[in-house]
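Every chain is numbered from 1 and lettered A, B, ... according to where its sequence line falls, protein lines coming before strand lines.
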Amino acid sequence: MLTNNTGDKFIKVFFWLSGLIIVAILFIIIAYIIVKGISAISLDFIFEAPRRAGKEGGIWTTIVSTVYLTVVSLIIAVPVGVGSAIHLEEYAPRRSWFATLVNLTAETLAGIPSIVFGLFGFVFFVIFLQMGWSIISGSLTMALMILPTITRTAQEAILAVPAEYRENSLALGASKWQTISRVVLPSAVPGIITGIILAIGRAVGETAALILTAGSSLGMPEGLLDPARTMSVHLYILAMEGISMDRAFGTAFLIIVLIVVINYLANLSLRRMSYVNRQI
Amino acid sequence: MGKMIANGLTAGVVKVESEEKNRPHGQQRFRPLNIERGIEFLLKLSAAIAILAIILISIFIFARGIPLILKIGLIDFIFNLKWSPSHGSYGIAAMLVGSLVVTLSSLIWAVPLGISSAIFMAEIAPPRIGSMLGRMVELLAGIPSVVFGFFGLIVIVPFIRTHLGGNGMSVLAGAIILGIMILPTIISISRDSILTVPAEYKEGSLALGATHMQSIKGVILPAARSGIITAIILGMGRAIGETMAVVMVTGNSTIIPGSILSPVRTMTSNIVLEMGYASGDHQAALFATGAVLFIFIVILNLVVNISIKAGKNYAN
Amino acid sequence: MSQLKLKSENIKVFYKDFQALYDVNMDIEENRVTALIGPSGCGKSTFLRTINRLNELIEGTRTEGQIYLDEQPIYEKDRDVVELRKKVGMVFQKPSVFPMSIYENVAYGPRIHGIKDRKRLSEIVERSLKAANLWNEISDRLNSPAARLSGGQQQRLVIARVLAVEPEVILMDEPASALDPISTSRLEDLIVELKKKYTIVIVTHNMQQAARISDYTGFFLNGQLVEFSSTDELFVNPRDKRTEDYITGRFG
């Protein structure tokens, strides 16, 4: 019995250690980039356009490109993803072949590596639809990549809306769509927002697919058909081609800060969602 | 006829008689408004976009890649070690091996660490620490691959160069970075499957006089097995498909690596490195590589689905 | 003798293979409270939900027979469910206020039925809240979230929400089961008051409640309407042995 307990204690230490290693890994990566990157940060670095291929100047155009690309891909993916979730949860009969197929393809879509999305976006949007390397090609590709996240979180949020809301609304003589648009969706908004925040995180960090679809031009994009270089792509090029390690650190710093903030917001909206549902 | 349409419009209704005739009361739908029908159709359409996307992706990747594979032969494409586009030689064997070597060596350390931290979070840590760790793992999952690659390039590669030799760009650097990147996948799925093991199993085992650790090993892990297998397979899928982090730390020579310190090029790296300037057969060969990757991932997905089904049968 | 409002004719309901109701025939009079009693799972709620065709929301449900509202059949190909549910309002067991303000909850029905004028909406909201005996308590905080109201207030809010649609019939499915005794007695007073204008059908598992507020009572058992008569008669002089067993508490 005693030996059993000492054995247990020994194994327990081992488990605590593995938890600790995870914390250490995360801490080291974030701390390293923050400590090394913060000195590169200045208002000029953020708000000045890059010069000499990024060797000098700031990263303003890549920030604008990142926001531009993210917003456009959300504009495309959110209606489709939420609409798809509404169809699956409110209209499609359980276990219909169509719903099964949609769920299965969404899962597959979520597993496809970004480089494959990049290849597809390149041959389909850039070449076949003649959109060229552009914000729109990159956004459409990105939209496909974030579609599963948005659909899944919206599905969960809609599923969490109490069935009584629907019954009450229908019993008042509301039509199905009135019930969905006025009662179900407003209650599902926090969950949908969580999905959108997660998708933003993915869009901010995406690199491989965007190099092949949005190009890597450092100019300021002025329209949907202009090429663009996002912060992540910029970081890759700065680091791989050894253009400026200083600016690479600064860019990595900004990306990490963005990701931490996005993560925090996602957690906040998740908690808000469970709070709203508890109130009911 | 025109009058009927006008009537239909003013009443705001569509008649759906043919459908309704033989339905019992329970399934009758009465006079749905035009707008309701339209919206229902739009929603179904948006659901169909996921299906359409998969079909288009398959068609366009394969249409661009398959002709080249047919031209040089599948065997030659997969088993030929020589990748030399300027000489018209397109063998991806070195990259295929490269992908597998880097992936497997990342799994070797990330799987045990991932599973043990999942057990720690689900079974051993006090709930507050467990959920705090859970949020850290989420944050780790959110860090973009290019940042991992950058960290590897700046920290891990020089470390290997000074302490282990070689130029640092190596299988080992790739394995370390990839392992970190797949940890969140392995941890969160394993943890969830451990958490869904019914409490009675554990209580039953403890009641028999087993210690906590014995119960974990004897009851909880076997019951969570299919979830843990799913976690490993999905982690593997993520590792094979990962591009940016790998390309930044592995040196990218198109040779079969002789040791963990030699440089290596994966299939994904090959695509991102050469797409920028490839054309003709060269570009087609990169698409063919993408097709191989795509098939890999679909197979892994199928395996996951089967493993989940098997898990359900086991639970029943 | 009051006028006939609802008439059910051989109503049968099936959930997939299970038959939940067997040939229910019942005449429901206007401006009266009709109570449906019986043990759990006897079919009384199922019957209630056939009157506004709410059973159709459950996949695999089939209804046979006919119900007439003002002599018009409601299970009819051309019958508009939206119109029907406008005329036949329903109050559920658990008060389920929508996650919006008190005002928005009451205005919800009129809005979906096309009323946009703010002044008219405000009038309807005020009149409905007054009719539901809630106005005095909350008139100063119409814009605060409805979820903050107490359970009893929420149930009256739900009734106000139904009244705002101006129904003719109000169905109530155990409306007091989640309420404390004081809220329950206020609700019962309200029901008696409402019958002046509306026809009320109420499902309750509380026999005293049925005796207190209803004019007619139907006793359901195993999907059958065992007995249906005036409340006084049913509770004092039950014709059927099973009814007697149930109301005297000797039942299972």
Side-chain angles (χ1 to χ4, degrees), chain A residues 4-5 8 11-12 14-16 18-19 21-23 25-26 29 32-33 79-80 83-84 86-88 91 101-102 105-109 111-116 119-120 122-124 144 147 175-177 201 204-205 207-208 211-212 232 235-236 239-240 248 252 255-256 259-260 262-263 267, chain B residues 33 35-36 39-40 42-44 46-47 49-51 53-54 56-57 60-61 64 113 116-117 119-121 124-125 133 135-140 142-147 149-151 153 155 180 183 187 211-213 237 241-244 248 268 271-272 275 287 290 293-294 297-298 300-301:
Chain A
N4 249 347
N5 272 336
D8 259 28
I11 300 169
K12 245 183 196 158
F14 165 77
F15 279 123
W16 274 90
S18 51
I21 293 174
I22 304 293
V23 178
I25 289 172
L26 179 71
I29 294 176
Y32 188 85
I33 285 171
V80 174
S84 170
I86 298 173
H87 174 78
L88 291 173
Y91 288 91
L101 194 63
V102 173
T105 46
E107 243 171 67
T108 313
L109 218 49
I112 294 179
S114 39
I115 188 75
V116 175
L119 284 174
F120 169 71
F122 175 75
V123 68
F124 188 66
L144 292 180
L147 188 60
S175 69
K176 190 159 187 172
W177 175 244
V204 166
T207 312
I211 288 186
L212 300 188
S232 296
L235 168 59
Y236 169 69
M240 274 302 266
I255 293 174
I256 280 282
I259 293 295
V260 171
I262 286 168
N263 198 276
N267 267 314
Chain B
L33 297 163
I35 191 167
E36 294 274 323
I39 286 167
E40 201 174 333
L42 281 179
L43 294 172
K44 190 160 189 176
S46 26
I49 284 184
I51 303 176
I54 286 283
L56 283 178
I57 291 173
F60 275 84
I61 302 262
R64 199 82 186 76
L113 178 63
S116 60
S117 9
I119 297 172
F120 174 70
M121 289 161 70
I124 292 161
L133 208 53
R135 285 174 57 185
M136 289 186 167
V137 170
E138 261 168 46
L139 182 57
L140 194 64
I143 295 178
S145 33
V146 66
V147 173
F150 180 61
F151 178 79
L153 181 70
V155 178
I180 296 176
L183 271 172
I187 295 176
T211 65
H212 191 182
M213 294 305 138
E242 178 48 45
T243 312
M244 301 320 287
M248 291 170 87
T268 52
I271 297 172
V272 83
M275 259 317 273
F287 272 91
L293 261 172
F294 186 65
I297 296 296
V298 169
L300 285 182
N301 250 317

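- Here the side chains of A/L26 and B/I143 are in contact, with some heavy-atom distance below 4.5 Å.
- When all heavy atoms are compared, the tightest approach of A/L144 to B/A53 is CD2-CB, 3.7 Å.
- When all heavy atoms of A/S18 and B/L113 are compared, the closest pair comes out as CB-CD1, 3.5 Å.
- No side-chain heavy atom of B/F294 sits less than 4.5 Å from a side-chain heavy atom of A/F120.
- In this structure, chain B has a heavy atom under 4.5 Å from the side chain of A/I21, while its backbone stays farther away.
- Chain A forms the most heavy-atom pairs under 4.5 Å with one residue out of B/M244, B/M248, B/H212, B/R64, and that residue is B/M244.
- Within the 4.5 angstrom heavy-atom criterion, only side-chain atoms of B/L183, from C-beta onward, approach chain A.
- For B/L140, the parts lying under 4.5 angstrom from a heavy atom of chain A are both the backbone and the side chain.
- With a 4.5 Å cut-off on non-hydrogen atoms, B/S116 touches chain A through its backbone and its side chain both.
- When every heavy atom of A/I259 is checked against every heavy atom of B/P144, the shortest pair comes out as CG1-CD, 3.8 Å.
- The shortest distance between side-chain heavy atoms of A/I112 and B/I54 falls below 4.5 Å.
- When the side chain to side chain contact (heavy atoms under 4.5 Å, CB included) test is applied to A/I11, the partners found at least two apart in sequence or on another chain are A/F15, B/M213.
- With a 4.5 angstrom heavy-atom cutoff, B/L133 touches chain A only via side-chain atoms.
- With a 4.5 Å cut-off on non-hydrogen atoms, B/L56 touches chain A through its backbone and its side chain both.
- Looking only at heavy-atom pairs under 4.5 Å with chain A, the residue among B/L293, B/N301, B/T268, B/L43 that has the most is B/L43.
- Closest approach of A/N263 to B/L139, counting heavy atoms only: ND2-CA, 3.4 Å.
- Taking NZ of A/K176 as the reference point, atom CD of B/E40 lies at 6.5 Å (rounded to 0.5 Å).
- Contact annotation for B/V272: both backbone and side-chain heavy atoms come within less than 4.5 Å of a heavy atom of chain A.
- Taking chain A as the reference chain and counting heavy-atom pairs below 4.5 Å, the highest number among B/I187, B/L300, B/V147 is found for B/V147.
- At least one side-chain heavy atom of B/V298 sits under 4.5 Å from a side-chain heavy atom of A/T108.
- Of the two parts of A/I22, only the side chain, counted from C-beta on, holds a non-hydrogen atom closer than 4.5 Å to a non-hydrogen atom of chain B.
- Residue B/I57 touches chain A through both its backbone and its side chain, counting heavy-atom pairs closer than 4.5 Å.
- Ranked by heavy-atom pairs shorter than 4.5 Å toward chain B, the options A/V260, A/I33, A/N267, A/V23 are led by A/N267.
- The parts of A/I29 that come within reach of chain B are both its backbone and its side chain, each placing non-hydrogen atoms under 4.5 angstrom from that chain.
- Heavy-atom distances place both the backbone and the side chain of A/Y236 under 4.5 Å from chain B.
- The closest donor-acceptor contact from the side chain of B/E36 to the backbone of A/W177 lies under 3.5 Å.
- Nearest heavy-atom pair across A/G19 and B/F120 is CA-CD2, 3.9 Å.
- Put simply, the residue from A/I211, A/L119, A/I115 that forms a side-chain contact (heavy atoms from CB on, under 4.5 Å) with B/M275 is A/L119.
- In this structure, the portions of B/F60 lying under 4.5 Å from any heavy atom of chain A include both its backbone and its side chain.
- Not counting sequence neighbours, the partners of A/Y32 by the side chain to side chain contact (heavy atoms under 4.5 Å, CB included) test are A/K36, A/F249, B/F151, B/I154, B/V155.
- The heavy-atom pair separating B/V146 from A/S232 by the smallest distance is CG2-O, 3.6 Å.
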